[in-house]
Amino acid sequence: MDWQWFRTQLLTWYGEYGRDLPWRPTADPYAVLVSEFMLQQTQVMTVIPYYQRWLKQLPTLADCAQAQRQDIFKLWEGLGYYRRAEYLHQTCQMIMYNYGGNIPQELAILITLPGIGRTTAGGILSHAFNLPLPILDGNVQRVLSRLFALTTPPNRNQKQLWHYSQALLDPDQPGRFNQALMDVGAGVCLPKVPHCGRCPWQNGCMGEQTQQQHTLPVREPAKEIPHRTIGVGVIWNAQGQVLIDQRPSTGLLANLWEFPGGKVEPGESVPDCIRREIQEELALDIRVGAHLITVNHRYTHLRVTLVVHHGFYQSGIPELRGCQAYAWVELRDLSEYPFPQANHKIIQALATSPSPPWPLEMAEGRVQSE
DNA sequence: TATTCGTGGTT
DNA sequence: TAACCAAGAAT
């Protein structure tokens, strides 16, 4: 195999067609670190504004290490996979206090840090330090599967894919090479419509030569995604504040804030569910009022329907059972807390609500719960 | 090794 | 439009 041909073709193409991305001109390894975390499973165009805001607010690794958790999550709010924010925070702290503030330049050390696997480590080391480490993200897996006509599903063929990524890598300019390889995947060798006519590797692509470019890589059948109905309460007190709680530190949407609620049990009405969940999680008695909004939301492996009702505090002192913390907050102060996207739809509904949705008559018991 | 982690874009 | 995919990692 003439690896040098592939390198020359790719790097020449990259010089003309490579994307101009904010983190590419930087020589700051911390900026590269931030970009690599944000880019895990997240498209470039989604990341760009988050990346720029992050570096503006936390311009150095020391700033990130010293930041408050809440500020870290606020900066990540809306980007998804929120564990990444915590891992990035922890990694910066470990680099600061265990490695003198310098990012370790050894693969074996780097991958021991939270949130850094082999691809992220390879991206950091090749980009920030021009070290010859390969990467294997979704783009690269697709490009290599087609280039070498690999008919084994990528998730069962990681070893061979890593081998090809390493063999192809240009040892003289690994940083540029890896960036170029991802640009081919993101702009030319697309999942459903490969544009072979403008691919720098067209003349060497075994996939196209055997007319398999549309059927590679081989995907395993997707599994069915379960659905859950969740009852959610926007609980008001007599001061016109609403009740929010912080989710547990593990599991879905860990550490984010939310309006309290939980899964509707079989045969249970939504108002009954909301009453029960808030009793179970916070030990509060509430009255359930009018329906506010129903939110359908899709996660990677779960679909939920949030049926949201207004509610009014009746009695009880909050106890922390199924959550880390709680707070009574003014509507205008909700923006201080990091919320998942589905809850932002609820906040939006509250903001556009035509009249104050916390009728005092509920406190006086004139409104029947549904 | 198979699941569990969000959200937005694309087809 | 429902399904697929995105600069993956941890458990």
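Naming convention: chains lettered A, B, ... in sequence-line order (proteins, then strands); numbering from 1 in each chain. The figures here come from the full heavy-atom set of this structure, side chains too, leaving out hydrogens, waters and symmetry mates.
- Within 4.0 Å of A:Trp23, counting heavy atoms only, lies at least one base atom of the nucleic acid.
- Between A:Arg247 and A:Glu258, at least one side-chain nitrogen of the basic residue sits less than 4.0 Å from a carboxylate oxygen of the acidic one, meeting the salt-bridge criterion.
- Between A:Gln41 atom CD and C:dC4 atom P the separation is 15 Å, expressed in whole Å.
- Taking the six-membered ring where the residue is Trp, A:Phe259 and A:Phe339 present parallel rings, their angle staying beneath 30° rather than reaching 60°.
- Closest to the side chain of A:Asp137, out of B:dC5, C:dA7, C:dC5, is C:dA7.
- Ranking C:dA7, B:dT4, B:dT7 by closeness to the A:Arg83 side chain, first place goes to B:dT4.
- Comparing A:Leu79 and A:Lys192 along DNA chain B, the residue whose closest nucleotide (by nearest heavy atom) sits nearer the 5' end is A:Leu79.
- For the pair A:Ile225 CD1 and B:dC5 P, the interatomic distance rounds to 14 Å; values are reported in whole Å.
- With P as the reference atom, C:dA7 and B:dC5 are 23 Å apart, rounded to whole Å.
- Using a 4.0 Å heavy-atom cutoff across all strands shown, A:Gly138 reaches sugar-phosphate atoms only and no base atom.
- Side-chain N/O atoms of A:Arg303 include one lying less than 4.0 angstrom from OP1 or OP2 on C:dA3.
- Remark: A:Arg219 is in phosphate contact with C:dC5, judged by side-chain N or O atoms under 4.0 Å from OP1 or OP2.
- Per the geometry, CE belonging to A:Met45 stands 13 Å off C1' belonging to C:dA6, to the nearest Å.
- Between C:dA7 and A:Ser35, no contact under 4.0 Å exists linking OP1 or OP2 to a side-chain N or O.
- Atoms CD (A:Gln40) and P (C:dA10) sit 8 Å apart, rounded to a whole Å.
- Heavy atoms of A:Gly185 sit nowhere under 4.0 angstrom from any nucleic acid atom.
- Contact check on A:Arg276 versus A:Glu268 returns a salt bridge, with a Lys/Arg side-chain nitrogen under 4.0 Å from an Asp/Glu carboxylate oxygen.
- To the nearest whole angstrom, the two P atoms, one in C:dA9 and one in B:dG8, are 22 Å apart.
- When rounded to the nearest whole Å, the span between CZ of A:Phe37 and P of B:dG6 equals 15 Å.
- Contacts of A:Leu21 with the nucleic acid, taken as non-hydrogen atoms under 4.0 Å apart, include base atoms.
- For the pair A:Arg69 and A:Glu86, the salt-bridge criterion is met [side-chain N within less than 4.0 Å of a carboxylate O].
- Counting atom types as modelled, A:Arg298 pairs a side-chain N or O with a base atom of B:dG8 as donor and acceptor under 3.5 Å.
- Side-chain nitrogen and oxygen atoms of A:His297 include none within less than 4.0 Å of the OP1 or OP2 phosphate oxygen of B:dG6.
- At whole-Å resolution of the value, CZ in A:Arg176 and C1' in C:dA7 are 18 Å apart.
- Using a 4.0 Å heavy-atom distance criterion, A:Thr300 is classed as a base contact.
- Residue contacts shown for A:Arg24 include a base, since a base heavy atom lies under 4.0 Å away.
- Within the 4.0 angstrom heavy-atom criterion, base atoms lie near A:Thr42.
- Residue contacts for A:Ile135: at a heavy-atom cut-off of 4.0 Å it reaches no nucleic acid atom on any strand shown.
- Considering only side-chain N and O atoms, A:Gln43 lies nowhere under 4.0 angstrom from the phosphate OP1 or OP2 of C:dA6.
- A:Ile116 comes within 4.0 angstrom of sugar-phosphate atoms only, judged by non-hydrogen atoms across all strands, and of no base.
- For A:Ala65 against A:His89, the heavy-atom pair with the smallest separation is O-NE2, 3.6 Å.
- A:Gln341 comes within 4.0 angstrom of sugar-phosphate atoms only, judged by non-hydrogen atoms across all strands, and of no base.
- A:Arg24 has a carboxylate O that lies under 4.0 Å from a charged side-chain N of A:Asp183, or vice versa, which qualifies the two as a salt bridge.
- C:dC4 and B:dT3 are spaced 16 Å apart, taking the P atom of each and rounding to whole Å.
- Computed from coordinates, the A:Tyr81 OH to B:dG6 C1' distance equals 6 Å when rounded to whole Å.
- Atom CG of A:Leu252 and atom C1' of C:dA10 are 15 Å apart (whole Å).
- Looking at which nucleotide of DNA chain C each of A:Ile111 and A:Arg19 is closest to, the 5′-most match is held by A:Arg19.
- Under a 4.0 Å N-O distance rule, the pair A:Asp71/A:Lys74 does not qualify as a salt bridge.
- Remark: A:Tyr82 is in phosphate contact with B:dT7, judged by side-chain N or O atoms under 4.0 Å from OP1 or OP2.
- At least one side-chain nitrogen or oxygen of A:His301 sits closer than 4.0 Å to the OP1 or OP2 atom of B:dC5.
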